[in-house]
Number of protein chains: 2
Amino acid sequence: MRARSYHHGNLRAALLARAEETVRERGVQALSLRELARETGVSHGAPRRHFGDRQALLDALAEDGFVRLGQALDGAVRDAEPDCTARLQALAGAYVRFATRHAALLELMYTGKHREGAESVHAAAEQAFAVSLGVISEAQGSGELVPGDPESLAQVALATLHGLAAMANSGMLDVEELETVVPDAVERLLSGLRRR
Amino acid sequence: MRARSYHHGNLRAALLARAEETVRERGVQALSLRELARETGVSHGAPRRHFGDRQALLDALAEDGFVRLGQALDGAVRDAEPDCTARLQALAGAYVRFATRHAALLELMYTGKHREGAESVHAAAEQAFAVSLGVISEAQGSGELVPGDPESLAQVALATLHGLAAMANSGMLDVEELETVVPDAVERLLSGLRRR
DNA sequence: GACGAATGTAGTCACTGACTACATTCCCTC
DNA sequence: GAGGGAATGTAGTCAGTGACTACATTCGTC
């Protein structure tokens, strides 16, 4: 990155980074293009070159969020013991941790209001959730889980995790409770899905 | 309601009703106090008497949403066969139907950003979810479900439903798919929870 | 019927997102 | 390397918004 001159050099990335910070600290509705420009030391019209309008910026944030979520899930599974239970527990923990640490971002990610680039946000989401699908079909292959459409199993599992995170984020569930509720929920799901 | 005179007569209710409509049709972010006032045929400052600021209006909408959700769940369970499976399936259907029909409102309800009146929104939510708790503890009493903290069982069940609805609303799951996915998910949950 | 409280009106302010015309710089081609 | 078109940033403008204030009208109560 060069010293500040007429051209910033990597405005797009700088805007995204600063925006993510603002969203995390003060929520989506507090994100203003003009303030963002001010904070980034650039004129109020500059962001327009990179994000046609406010929504385009939000879409980009969401997409980025899915990428990072995917990395988090991937890392968690990679670090876990190779058995199905351990991997799913690790995955669950990672998901809920991300969801509570980045509550506003998650809301943005799941708010279906993405347009145009919906495809790319969608693709990023699919990519992020590929990990869980992998874990489940592997466990089915090794006989740890009952057979059945792995996609629908993964859906139910992720939905449960997402729901718990959403309830925690909305204050209907204490965040500390998650530490016990989430493993519990996974265990309950598994007790219905384990081959026996 | 009297003819339009200086005092509207029931502005608060009229604003809420119109606001709910706008939120349903065009989303939360499209709700403007001034436009709302215009549509209701009242000066742009009038809403302020009833809702101190925009967030107060949103909070009231959320609270109202929980009340209506509670009624929907209650009605569904009341109309269902008295056995645990039928009741939970009915409850699940009602929840997901409400969640997809009022996607933006649901988002509003679950967005933890309520202030001050958080207590009342919170209370309305608790009230809405009391039904599911009742169904579960009854089923435990009759021996249909495994024993255990009913609150945590209900949490997992609701979280799953909410997660599925959220995924459908965000376009990650086809709405038509819900018709089969939701009963499936309930059955899967139950297969882990049923006494045997 | 008078009077204080509740409710609605009118006007203002700073701020925002969207848009435009224009300036500067980058980088590709010759 | 020079020239020129594309990319990027600046400056100015516009209508719309939420929040606030002073003021007008009406309601309910004594």
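Chain A is the first sequence line, chain B the second, and so forth, proteins listed ahead of strands; every chain is numbered from 1.
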* Of B:V181, B:L173, B:L178, which meets side-chain contact (heavy atoms from CB on, under 4.5 Å) against B:M167? -> B:L173
* Is any side-chain N or O of A:H8 closer than 4.0 Å to OP1 or OP2 of C:dT25? -> no
* Asked: If you look at every strand shown and take non-hydrogen atoms under 4.0 Å, does A:H44 touch a base, only sugar-phosphate, or nothing?
  -> base
* Atom-pair distance (CD on B:Q55; P on D:dG18), nearest Å -> 12 Å
* Exercise: identify the closest heavy-atom pair between B:L153 and B:V146 -> CD1-O, 4.2 Å
* More than 12 heavy atoms of other residues, nucleotides or ligands under 6.0 Å from CD of B:E179: is that the case? -> no
* Tell me: CD of B:E39 to P of D:dG16, nearest whole Å? -> 14 Å
* Length of the line joining B:R12:CZ and C:dA6:P, which is rounded to integer Å -> 15 Å
* So which one's nearest nucleotide on DNA chain D is more toward 5', B:R49 or B:G52? -> B:G52
* **Euclidean distance, atom CZ of residue A:F51 to atom C1' of D:dG9 [Å, nearest integer]** => 15 Å
* To do: With sequence neighbours left out, write down each residue that passes salt bridge (Lys or Arg N to Asp or Glu O under 4.0 Å) with B:R97, or none if nothing qualifies.
  => none
* Rounded interatomic separation in angstrom, taking CZ from A:R54 and C1' from D:dT17 -> 13 Å
* Hey, does the side chain of B:R48 come within less than 4.0 Å of D:dC20's phosphate (OP1/OP2), counting only N and O? -> yes
* **Between A:S152 and B:R188, a side-chain donor and acceptor under 3.5 Å** => yes
* Partner residues of A:F98 under the ring pair (Phe, Tyr, Trp, His ring centres under 6.0 Å) criterion, sequence neighbours left out -> A:H102
* Structure fact -> When rounded to whole Å, the CG to C1' distance for the pair A:N10 and D:dG9 reads 14 Å
* To do: Go through residues 16-38 of chain A and report each residue with a non-hydrogen atom lying under 4.0 Å from DNA chain D, sorted by number.
  => A:R34
